[in-house]
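Encoded as structure tokens, the structure appears first; notes follow it.
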Amino acid sequence: MANSKASVPKGTRDFSPAEMVKRNYIFDTIKSVFRKYGYLEIQTPSMENLSTLTGKYGDEGDKLIFKILNSGDFWGEAENKKQKAESFEFNSKGLLPMLSEKALRYDLTVPFARYVVMHQNEITFPFKRFQVQPVWRADRPQKGRYREFYQCDADMVGSESLLNEAEFVMIYQEALGMLGLKDFTIKINNRKILSGIAEIIGKPELIVDMTVAIDKLDKIGLDGVVKELLERGFTSRDIEKLKPVILSEGSNEEKLASLKSVLTTSDTGLKGIEEIETILGYLESFSVYSPQSLSSDSLSAGIQQPATQNPSAAPGSQSATLNLQLDITLARGLNYYTGAIFEVKTNEVAMGSIGGGGRYDDLTGMFGLKGLTGAGISFGADRIYDVMEELQLFPESTSETTKVLITNFDAQAERYALPVLQELRNKGISAELYPTSAKMKKQLSYADNKKIPYVILIGSEEIQSGRLTLKDMKSGVQEQLTREELTGKIK
RNA sequence: GUGGUUUUAGCUCAGUUGGUUAGAGCGCCUGAUUGUGGUUCAGGAGGUCGUGGGUUCGAGCCCCAUAUUCCACCCCA
């Protein structure tokens, strides 16, 4: 076999023990919040049938799906088909079904919809599930963007209640607060409002183009958005109607009020506003949100009080004030959303969104199960990791593994050590015996590097006296103890 | 898919205008210390300079291709 340089595919990474400790801290925290709100865990395969995934994420999304090459003689099959059927197109598009019929999952929402349809007879609705698994995108890597990354999704199907949406806001707030993030914004919008706006302008068919363009307001400014809207088929007159809407500022309540006056003739738009108001109402009842109807001079909208300092980063504490902003320019790329849309951004680090989600009314309809509504959110675990790393939010000293190392002097000492090792392990103390009788220096260095707090030395003296030497690696103090005293000492 | 950037010891990085034997810090190994780590001191090992071509008397350095890193665009967690 030819030697090849050790490497991993572009955009993928190994996770070493120290990183896994931190990653699991994120996963465990998010999962615990999901469970607290009544969500149950499932997993689905890494690969799905290609047909399950295509067409769900838009044209750009389809391009980014990792396709899996069929096994077998796909080339011969294609040649065969070419000769038999004249109508067969011998090009990339026509060949694709022959080359690939499976693909790596692109997100967790579409596989979930597929899961619900396949298991509809076992499921009691409303069904709340969470899922923490990697997804793959054939994108070019850059800051906060990987080709393999983990999403932590909570989705619910079978309930139209906007209480679900309100709880998603609370889940975001609670989980990110527990992880130590202090200043982040949960943005909310509603597809129906966007549809209403497109309706008012008289270009409902251009809604996707409209949303893609105005979504970039933050990035390219008003001039950039205007330019893009013109390119996408809007007239200057359309844009004049659009401007006041996308530039509206103030508190959520002020924005809603001004939207209402613009959207009076659009039932869809008004429905969207009502939905937002309902969600805010629920959050008010939960006492996590308070409306701000008075107009203020502050440029920033919403309820952007300075984040309260929270001295205890203990899990369970909510360390940041809820910063929920209605953002009319928020669109989100996935085109299956029909109602509320969420996006979460950190304000402490330059990073794309660390979470997103929304309501989708007919995702299962694509797989033949009509009339089932769903909604969900996703946390981007890898981005959250990068943010936490940059802000140094990971707690220290959670990485201890082995509690005690028994040194290995010689064959006799090794045999003597085995029952001791067993006894320690039986008492639930993670322990290991150095596997060879290497030099003391080497064995103690091993303990040191692995940050093992205790070392037990067993040599001829100890075997004779029956009192083993316990060394505290931090203080360097050593004492002679019996086996009973020893296991009591190490906890 | 488009543009830029990175790649030299296990790791992080120097390396001048193209010129003799490619360096440093950390880590590793050996010894000072034959039962004692984390500090100190002395010594040592370790390099296809990402890969493949090319230019040149001569290439880590210049040219071409390709892989990879990071960044921006498109899009997105």
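Every chain is numbered from 1 and lettered A, B, ... according to where its sequence line falls, protein lines coming before strand lines. In this text, all values refer to a predicted model and were calculated from it rather than measured experimentally.
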In whole angstrom, give the distance that lies between atom CD of A:Glu60 and atom P of B:C73.
14 Å
Residues which pass ring-ring contact (aromatic ring centres under 6.0 Å, His included) with A:Tyr434, listed by chain and number, not counting sequence neighbours:
A:Tyr446
Contiguous pairing runs of three or more, Watson-Crick or G-U under 3.5 Å, that involve RNA chain B:
B:1-4 with B:70-73, B:10-13 with B:23-26, B:28-32 with B:40-44, B:50-54 with B:62-66
Nearest-angstrom distance, C1' atom, B:U51 to B:U7:
11 Å
Indicate yes or no for a side-chain donor-acceptor contact from A:Glu101 to the backbone of A:Asn49 under 3.5 Å, with no hydrogens or angles considered.
no
Pairing residues for A:Glu167 by the side chain to side chain donor-acceptor pair (under 3.5 Å) criterion, not counting sequence neighbours
none
What's the gap between B:C64 and B:A22 when it is taken at their P atoms, as a whole Å value?
28 Å
Identify, with sequence neighbours excluded, every residue that meets ring-ring contact (aromatic ring centres under 6.0 Å, His included) alongside A:Phe394.
A:Tyr385
Rounded to whole angstrom units, what separation is found between the CG atom of A:Asp218 and the C1' atom of B:C76?
15 Å
Whole-Å P distance, B:C49 and B:G60:
7 Å
Salt bridge (charged side-chain N to carboxylate O under 4.0 Å, His left out) involving A:Glu348 - partner list, sequence neighbours excluded:
none
Donor/acceptor link under 3.5 angstrom from A:Arg137 side chain onto base of B:C75
no
Please work out whether the ring planes of A:Tyr115 and A:Phe127 are parallel, tilted or perpendicular, with thresholds of 30° and 60°.
parallel
Contacts satisfying ring pair (Phe, Tyr, Trp, His ring centres under 6.0 Å) that involve residues 460-491 of chain A (not counting sequence neighbours) are none
Could you measure between the two P atoms, the one in B:G27 and the one in B:C41, and give it in whole Å?
12 Å
Give A:Gln151 one of three labels, base, sugar-phosphate or nothing, depending on what nucleic acid heavy atoms sit under 4.0 Å from its own.
sugar-phosphate
Applying a 4.0 Å non-hydrogen cut-off, can you work out what A:Val455 is touching in the nucleic acid: base, sugar-phosphate, or nothing?
nothing
Do the ring centers of A:Phe130 and A:Tyr39 come within less than 6.0 Å of each other?
no
Closest-nucleotide mapping onto RNA chain B: is A:Gly11 or A:Gly352 further toward the 5' terminus? I mean the 5' end.
A:Gly11
For A:Trp136 and B:C75, give me the distance from atom CH2 to atom P, rounded to whole Å.
25 Å
Just to confirm, is there a sub-4.0 Å distance from OP1 or OP2 of B:A72 to any side-chain nitrogen or oxygen of A:Gln142?
yes
How would you list all residue pairs meeting salt bridge (charged side-chain N to carboxylate O under 4.0 Å, His left out) that involve residues 468-486 of chain A, not counting sequence neighbours?
A:Glu423-A:Arg483, A:Arg467-A:Glu485, A:Glu479-A:Lys489
If a protein heavy atom is under 4.0 Å from the base, mark B; if only from the sugar-phosphate, S; if neither, -; do that for nucleotides 30-39 of chain B going 5' to 3'.
-S---BBBB-
Report the distance from atom CD of A:Glu343 to atom P of B:C76, rounded to the nearest whole Å.
10 Å
The side chain of A:Ser353 is closest to which nucleotide in this list: B:C71, B:A77, B:C74?
B:A77
In whole angstroms, the gap separating P of B:C73 from NZ of A:Lys143 amounts to 12 Å
Could you check how far CZ of A:Phe342 sits from P of B:A77, rounded to whole Å?
15 Å
On RNA chain B, check which nucleotide each of A:Pro9 and A:Gly380 is closest to and give me the residue with the more 5' one.
A:Pro9
Name all residues meeting the ring-ring contact (aromatic ring centres under 6.0 Å, His included) criterion together with A:Phe27; count only those two or more places apart in sequence or in a different chain, and write none if there are none.
A:Tyr150
Least distance between heavy atoms, A:Met473 atom then A:Leu444 atom:
CE-O, 3.8 Å
Same-atom distance (P) from B:A32 to B:U16, integer angstrom:
42 Å
List in chain and number order the residues that pass salt bridge (charged side-chain N to carboxylate O under 4.0 Å, His left out) with A:Lys10, two or more places apart in sequence or in another chain; answer none if no residue qualifies.
none
Closest listed nucleotide, where the reference is the side chain of A:Arg140 and the choices are B:A72, B:C75, B:A77
B:A72
Under 4.0 Å protein heavy-atom contacts per nucleotide of nucleotides 44-49 of chain B, with B for base, S for backbone only and - for none:
------
Please pick, from B:C74, B:C70, B:A77, the nucleotide with the shortest atom-to-atom distance to any side-chain atom of A:Lys219.
B:C74
Scan A:Phe379 against the nucleic acid and name what it touches under 4.0 Å (heavy atoms): base, sugar-phosphate only, or nothing.
nothing
A:Phe168 meets the ring-ring contact (aromatic ring centres under 6.0 Å, His included) criterion, sequence neighbours left out, with none
Expressed as a whole number of Å, how far does the C1' atom of B:C63 sit from that of B:U55?
7 Å
Distance, C1' atom - from B:C61 to B:G18, rounded to whole angstrom
7 Å
Rounded distance in Å between the P positions of B:G25 and B:U40
14 Å
